[in-house]
Amino acid sequence: MSDSPIVTSMNEQSPCVPTHIAIIMDGNGRWASQRGLPRFEGHRRGLESLRRTITAAEELGVRYLTVYSFSSENWRRPVTEITELMGLLRRFIRNDLADLHARNVRIRVMGVQDGLSPDIVALLEDAEKLTAANTGLTFVVAFNYGSRREMTDAMRSLAEDVAAGRLAPSEITEEMVAGRLNTVGIPDPDLVIRTSGEQRLSNFMLWQASYSELVFSPVLWPDFGREALNASIEEYRQRDRRYGGISAAMGGNR
Ligand code: IPE
Ligand code: IPE
Ligand code: MG
């Protein structure tokens, strides 16, 4: 992948660079089948794209990068494919964690532990713990994640406080709901990119993406990297974020 022009200098964020980019990494299976390869080969190459994308995001000065790696619905896939995806996550954490830590990257995980093998739960927890004090890019891995489950768990937690008499229903605020989501302390994504041309959210960050700009890249995830990331950011820069108000060009104040 060649360098493209909108890159700012290392770790100096330009106002045009989104603070938080979230990516639905899609198209691994199609990339492989177009080449007559097994789907796993697409996932394996997708891990290379992820490495390229993390580096590019760091260099751009992006503060938060979230990637959708395994959805709560991906359990519907054949067991062999699920096993391969779990193996790739293991490989990623084992191979890359020390390097990411040395680069001051903070790792956060969102999703539930249900169904995951204990060694994967431990790997993810250890990665979070090891990098907790890092101050560079925050890299959020959505693994075994589904937005409806995340919101349901937040609602249950609020309901428990109400039932215990700690909270009145009338006191519940949007901030309280947000504070019980996996993303507590992380700003909402400015830009959500989905690769492979599909145009849906597939249960990803439904609360947090309320005012995100959505960019649907035609690039299949194994072909994604710096160039495609820059193209998506360029598209984002053309957008007029109004948040329900009026355009800045028309005197709006957002
Ligand atoms: C994305 O690629 C990887 C995961 C969802 C885990 P896919 O495996 O969904 O690839 P397509 O959509 O079948 O091409
Ligand atoms: C979304 O992709 C989940 C991830 C990228 C991890 P899918 O390929 O699973 O989504 P659908 O099934 O096409 O909606
Ligand atoms: Mg897919």
Side-chain angles (χ1 to χ4, degrees), residues 20-54 56-57 64-93 95-96 107-117 120-121 123-124 127 139-152 181-183 186 189 191-209 212-225 228-229 232:
H20 183 175
I21 298 178
I23 306 182
I24 302 172
M25 307 182 292
D26 199 14
N28 295 351
R30 278 163 284 167
W31 183 94
S33 76
Q34 282 172 7
R35 288 160 179 77
L37 298 168
R39 289 177 63 84
F40 173 68
E41 198 53 34
H43 296 315
R44 200 182 65 74
R45 290 290 291 261
L47 183 54
E48 296 304 319
S49 312
L50 179 59
R51 292 182 172 122
R52 288 195 295 272
T53 305
I54 296 170
Y64 300 86
L65 175 69
T66 299
V67 296
Y68 202 9
S69 310
F70 190 87
S71 78
S72 41
E73 287 72 34
N74 286 150
W75 293 106
R76 295 177 185 153
R77 297 191 178 202
V79 177
T80 48
E81 182 167 346
I82 293 171
T83 307
E84 286 165 350
L85 289 167
M86 297 292 159
L88 270 183
L89 178 82
R90 279 191 191 93
R91 192 192 298 180
F92 173 66
I93 302 282
N95 287 352
D96 293 46
I107 296 177
R108 289 261 306 248
V109 179
M110 42 180 215
V112 295
Q113 297 182 350
D114 310 8
L116 297 180
S117 63
I120 289 204
V121 172
L123 275 175
L124 292 172
F139 174 55
V140 186
V141 186
F143 195 83
N144 201 16
Y145 172 82
S147 190
R148 288 182 172 180
R149 168 71 186 270
E150 178 191 32
M151 287 195 276
T152 304
L181 300 177
N182 294 168
T183 43
I186 296 176
L191 167 61
V192 175
I193 300 168
R194 184 171 186 145
T195 61
S196 85
E198 302 294 352
Q199 302 190 359
R200 55 178 170 265
L201 289 173
S202 302
N203 203 11
F204 184 60
M205 299 187 98
L206 302 181
W207 172 281
Q208 297 90 338
S212 303
E213 295 298 328
L214 309 182
V215 168
F216 300 106
S217 167
V219 175
L220 300 174
W221 179 250
D223 291 327
F224 201 86
L229 180 66
S232 299

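Both ligands and their constituent atoms are indexed starting at 1 by order of listing. Predicted model only: the values in this text are computed from it and were never measured.
- Within ligand 2, the atoms closer than 4.0 Å to a non-hydrogen atom of Phe70 are 6 (C), numbered from 1 in the order shown.
- Considering every non-hydrogen atom in both Ala56 and Leu229, the closest pair reads CB-CD2, 3.9 Å.
- Heavy atoms of Ser196 come nearer than 4.0 angstrom to ligand 1 in no pair at all.
- For atom 2 (O) of ligand 1, the closest non-hydrogen atom on the protein side is Asn28 N, 3.2 Å.
- Remark: Asn95 CG to Leu88 CG distance equals 10.5 Å, nearest 0.5 Å.
- Looking at Ser71 next to ligand 2, no N or O pair under 3.5 Å apart turns up.
- At a 4.0 Å heavy-atom cut-off, ligand 1 touches Asn74 through the side chain alone.
- Here the N, O or S atom of Asp26 that is nearest to the Mg ion (ligand 3) is OD1.
- In this structure, Met110 CE and Phe204 CZ are separated by 5.0 Å, a value rounded to the nearest 0.5 Å.
- Checked by atom type and distance alone, the side chain of Trp221 pairs as donor or acceptor with a backbone atom of Gly46 at under 3.5 Å.
- The proximity of Phe204 to ligand 2, defined as any non-hydrogen pair under 4.0 Å, does not occur for either the backbone or the side chain.
- Across all non-hydrogen atoms, the minimal contact from Glu198 to Asp26 is CG-OD2, 3.4 Å.
- At least one heavy atom of Arg39 sits closer than 4.0 Å to an atom of ligand 1.
- Close approach of ligand 1 to Arg30 is summarised as follows: ligand atoms under 4.0 Å from at least one heavy atom of the residue are 11 (P), 12 (O), 14 (O).
- For Arg194, the closest heavy-atom approach to ligand 2 falls below 4.0 Å.
- Closest approach of Thr183 to Gln208, counting heavy atoms only: OG1-NE2, 2.8 Å.
- Counting non-hydrogen atoms of other residues, nucleotides and ligands closer than 6.0 Å to CZ of Arg148 gives a total of 12 or fewer.
- Looking only at heavy atoms of the protein, atom 1 (C) of ligand 1 is closest to Met25 O, 3.0 Å.
- Looking only at protein heavy atoms, the nearest one to atom 6 (C) of ligand 1 is Ser69 O, 3.5 Å.
- At the top of the distance list for atom 13 (O) of ligand 2, counting protein heavy atoms only, stands Arg200 NH2, 2.8 Å.
- The shortest heavy-atom contact between Tyr68 and Gly146 is OH-CA, 4.5 Å.
- Under 4.0 Å is where a charged nitrogen must lie from a carboxylate oxygen, and between Glu48 and Arg45 no such pair does.
- In terms of N/O distances under 3.5 Å, ligand 2 is approached by Arg77.
- In terms of protein heavy-atom proximity, atom 14 (O) of ligand 2 is closest to Ser202 OG, 2.6 Å.
- Here the closest non-hydrogen pair linking Gly27 and Ser196 is CA-CB, 3.6 Å.
- Side-chain contact of Arg52 with Ser49: a donor-acceptor pair under 3.5 Å is present, judged by distance alone.
- Looking only at heavy atoms of the protein, atom 10 (O) of ligand 1 is closest to Gly29 N, 2.9 Å.
- For atom 8 (O) of ligand 2, a protein heavy-atom neighbour is found at a distance under 4.0 Å.
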